[in-house]
There are 2 protein chains.
Amino acid sequence: MNAETEKLKLARDEFVAQWGALGSQWGINRTMAQIHALLMTAPEPLTTDEVMEELEISRGNAHSNLKELVAWGLLRSVVKKGERRDFFEAEKDVWQIFTIVARERKRREIEPALAILHKCAEVSEGIETPEGKAFHDQMRALEDFVGFASKMSDRISSMKHGFALQLATKLLG
Amino acid sequence: MNAETEKLKLARDEFVAQWGALGSQWGINRTMAQIHALLMTAPEPLTTDEVMEELEISRGNAHSNLKELVAWGLLRSVVKKGERRDFFEAEKDVWQIFTIVARERKRREIEPALAILHKCAEVSEGIETPEGKAFHDQMRALEDFVGFASKMSDRISSMKHGFALQLATKLLG
DNA sequence: CACGTTTTTCAGTAAATACTGAAAATTAAG
DNA sequence: CTTAATTTTCAGTATTTACTGAAAAACGTG
């Protein structure tokens, strides 16, 4: 292996390791983030066994995290002609990755929050004590804000990359 | 206790419990989210002992999570005249809460990611193999996007609530 | 359908994270 | 300085979450 290939391997290993560590900060588990990093920087789709070997993890672990990533839409499973095994490839387009993550976070974080806030605003409607009014108002304010953020997220996610960029540039200017 | 007060207590307990459960989905621990919910809906600042009693948690637990929330800027510790104990009150303004959370997430999630991406783009600069070029390009694309998102976050967070709302409304219209 | 290959499941275990409770440190007031 | 109130620390423990490895199921081929 020549010097350049060696250098690339080191950089890529670094990326995989660090991206995995970052995953913990986000709600994502380390292995899942590592697999994502590995496949985002893989020239070709990989099999489960290749992922297992590269990251030194068990089959069960590789399998469940690959499935999870496919469920998110961050990976696709592809079939190669004359091959029985599944291959996995990552979505590499940054705007696509962003919209997928935004949509998933909305589903898992925003929508449940909205449901709670709505219910609490509902049941505290019409309580006449000052404390009751304050609670109700606080729930409504939170509900309105989160609902608004949710709509924003949808709008931006459904934009074409170029349009979002143009709009954002205007915002930053 | 009359019917209305009872109803409010139930609604508030529900909110605290559910907000805590949601916390897990985010990277935040359950107790921290519960304390935040409790104080966001408290008519008056509370002491550590009151938080302990309300949530049935230990002193150590209450203490460390209160400190963490103060560090985030989501709680303030206030002194009452003639009282030795610390009281804690929550920031209740939704726009303030949003900017605090956005700033903290940026610091903990975006900035470390940027550092990694920048370093990996750096060290893979100039590798002449196709794989090296592809890796470098991917790192740059990610770095650019994340850097851009970071700037956007700053801009929006530093806006006045009214202005952000107005701008967003235009965006949604 | 029988057999090798690949995927999926899951009970048991390991690792990471959060919590308790009591002791130590700090603070304020006489 | 002494004492009592309060805050902080932290070793030990509990809980949650993630991982392993092997067995079972599903798949595809002759």
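From a predicted model like this one, the values you see are computed outputs, not experimental measurements. Just so we're on the same page: letters track the sequence lines, and every chain starts at 1.
- As rounded to whole Å, 14 Å separates atom P of D:dT29 from atom CZ of A:Arg85.
- Atom pair B:Glu68:CD and C:dA18:P shows a separation of 10 Å (rounding to whole Å applied).
- The nearest whole Å value for the distance from the CD atom in B:Glu83 to the C1' atom in D:dT7 is 15 Å.
- Atom CD of residue B:Glu109 and atom CG of residue B:Leu114 lie 12.5 Å apart, to the nearest 0.5 angstrom.
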Sugar-phosphate means primed atoms, P, OP1 and OP2; the rest is base. With that split, encode nucleotides 21-30 of chain C 5' to 3' as B, S or - using protein heavy atoms under 4.0 Å.
B-----BS--

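- Summarising the geometry, the separation between CE on B:Met52 and C1' on D:dT7 is reported as 12 Å, rounded to the nearest angstrom.
- The pair A:Arg12-B:Glu131 does not count as a salt bridge, with every side-chain nitrogen at least 4.0 angstrom from each carboxylate oxygen.
- In this structure, A:Asn65 places its CG atom 14 Å from P of C:dT9, rounding to the nearest Å.
- Across the protein-nucleic acid pair, B:Leu46 atom CG and D:dT7 atom P stand 13 Å apart, rounded to whole Å.
- Taking side-chain N and O atoms only, B:His63 has a distance below 4.0 Å to OP1 or OP2 of D:dT8.
- In this structure, a donor-acceptor pair under 3.5 Å is present between the side chains of B:Thr5 and B:Asn2.
- Note that CD of A:Gln25 is 13.5 Å distant from CZ of A:Arg30, once rounded to the nearest 0.5 Å.
- Within the nucleic acid shown, B:Asp49 has no heavy atom closer than 4.0 Å to any nucleic acid atom.
- Contact annotation: A:Lys67 reaches the phosphate of C:dT9 (side-chain N/O to OP1 or OP2, under 4.0 Å).
- The side-chain heavy atoms of B:Leu117 and A:Trp19, taken from C-beta on, include a pair separated by under 4.5 Å.
- DNA chain D is contacted by both A:Ala62 and B:Ser24; B:Ser24 maps to the nucleotide lying nearer its 5′ end (nearest heavy atom per residue).
- Ion pair A:Glu122/A:Lys119 not flagged as a salt bridge, since none of the NZ, NE, NH1 or NH2 atoms sits closer than 4.0 Å to an Asp/Glu carboxylate oxygen.
- Note: A:His161 and A:Trp95 have parallel aromatic rings, judged against thresholds of 30 and 60 degrees for the angle between ring planes.
- For A:Ser150 (side chain) and A:Val146 (main-chain N/O), no donor-acceptor pair under 3.5 Å exists by modelled atom type.
- No donor-acceptor pair under 3.5 Å is formed between the side chain of B:Ser157 and the backbone N or O of B:Asp154.
- Listed in residue order, the members of residues 27-41 of chain A having a heavy atom less than 4.0 Å from DNA chain C come to none.
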